Amino acid sequence: MLNPTSRWSPTDYAKNAAFVPELGKAVVELLAPRPGERILDLGCGDGVLTEALVAAGAEVVGVDASPDMIAAAKARGLDARVMDGQALQFDGEFDAVFSNAALHWMLDPPAVARGVFRALKPGGRFVGEQGGAGNIAKLRGALREVLTERGYPVPAEDPQWYASPQEFRAVYKGAGFGAVEAWLIDRPTPLPAGAAAWYRTFRAGFLDSAQVPEAEIDAVVTEAEARAAPALRQPDGHWMADYVRLRFTMRKPA
């Protein structure tokens, strides 16, 4: 089942979330793609990092659940396909699977893990990064407080999987992977457009699920931004979000 709070605008993403692929370049380096490898980019979004894999000489297939983001990736000339990462349709095709800032939107992690394992050739590797335990806790908390005070229905838990290394390793070892390494990285992240724009880009689907009318969204995100400001707005006025990433590597046994 797709995450109903995962809704994306390629235009908003390009404008307000350019830091995601930029900071994901370190994960591409960790993958170390080689010419001629066949690589699956799981949760490819608009394809910015997929292009980096192609530039390294790899043959790359990008998949994402968002038709709009896949359309943006195809516009770059990429092999990009609409597909649920919890129901991957590949069998022993790839030398490597790569994923950046996507797995935490997939709420059936064991299904993702099984699909990635099946997609890889024996000896293939899975390298990537997702939101980790404690990720954007202050940003999320500010929005949750505002929605609750305004009487909107808010789920008891945020609909993302921000895993601890222990939780993550257990899921992927359970799927059959070996050499599973996972670690958290505190990564304070600049938000050039501020928190309100972040909420509009990254929590559009969450606001939908909370039944916030379009006419009220500006007021809600502006109030949430003010609520988050004491913790996240710097003395010079710039915003620094409380990102925590979980980075990982593993291999399918040969």
Side-chain angles (χ1 to χ4, degrees), residues 3-27 43 45 100-105 107 129-168 182-247:
N3 187 332
T5 68
S6 179
R7 178 169 72 79
W8 304 99
S9 159
T11 303
D12 282 351
Y13 198 86
K15 181 171 65 175
N16 298 320
F19 63 85
V20 175
E22 180 63 30
L23 294 171
K25 289 178 180 177
V27 192
N100 182 64
L103 295 187
H104 51 265
W105 292 101
L107 302 182
E129 185 176 286
Q130 67 168 78
N135 187 52
I136 52 172
K138 293 182 174 65
L139 272 175
R140 290 187 287 125
L143 181 59
R144 176 177 287 277
E145 287 175 7
V146 170
L147 291 173
T148 300
E149 290 173 9
R150 287 173 172 256
Y152 291 110
V154 181
E157 299 292 337
D158 282 8
Q160 290 86 35
W161 186 52
Y162 295 136
S164 70
Q166 294 81 3
E167 292 168 329
F168 184 89
W183 62 98
L184 293 179
I185 300 169
D186 284 323
R187 196 196 69 197
T189 300
L191 300 181
W198 186 93
Y199 289 127
R200 271 199 166 274
T201 300
F202 289 93
R203 288 300 181 267
F206 186 70
L207 292 166
D208 288 347
S209 70
Q211 302 172 31
V212 181
E214 182 63 33
E216 296 296 319
I217 287 177
D218 280 344
V220 167
V221 300
T222 298
E223 186 177 346
E225 180 177 72
R227 190 74 59 97
L232 300 178
R233 189 164 58 200
Q234 306 304 298
D236 63 2
H238 289 89
W239 285 82
M240 193 69 72
D242 53 330
Y243 272 71
V244 179
R245 313 315 285 167
L246 185 146
R247 194 170 290 177

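Keep in mind the model is a prediction, meaning the values are calculated, not measured.
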Polar side-chain atom of Glu167 near backbone of Ser164 as donor-acceptor pair, under 3.5 Å: yes
Separation of Trp183 CH2 from Arg245 CZ (nearest 0.5 Å): 13.5 Å
Set of residues satisfying side chain to side chain donor-acceptor pair (under 3.5 Å) with respect to Tyr152, sequence neighbours excluded: none
Listed once per pair and sorted, the salt bridge (Lys or Arg N to Asp or Glu O under 4.0 Å) pairs that draw on residues 154-163, sequence neighbours left out: Arg140-Asp158, Arg144-Asp158
Non-neighbouring partners of Gln130 that pass side chain to side chain contact (heavy atoms under 4.5 Å, CB included), sequence neighbours left out: Leu103, His104, Trp161, Ala163, Phe168, Leu246
Salt bridge (charged side-chain N to carboxylate O under 4.0 Å, His left out) partners for Asp186, two or more places apart: none
Separation between CG of Asn135 and CZ of Arg187, rounded to the nearest 0.5 Å: 8.0 Å
Residues in side chain to side chain contact (heavy atoms under 4.5 Å, CB included) contact with Ala229, at least two apart in sequence or another chain: Arg233, Trp239
Pairing residues for Glu145 by the salt bridge (charged side-chain N to carboxylate O under 4.0 Å, His left out) criterion, not counting sequence neighbours: Arg227
Residue pair Lys25, Glu129: steps toward the salt bridge (charged side-chain N to carboxylate O under 4.0 Å, His left out) verdict: CA-CA 11 Å; Lys25 289 178 180 177; Glu129 185 176 286; over 6 Å; no
Short side-chain to backbone donor-acceptor contact, Gln234 and Leu232, under 3.5 Å: yes
For Ala224, all residues meeting side chain to side chain contact (heavy atoms under 4.5 Å, CB included), sequence neighbours excluded: Leu143, Val146, Tyr199
Smallest separation among heavy atoms of Pro190 and Met240, with atom names: N-SD, 3.4 Å
Results of side chain to side chain contact (heavy atoms under 4.5 Å, CB included) for Thr222 - residues two or more places apart only: none
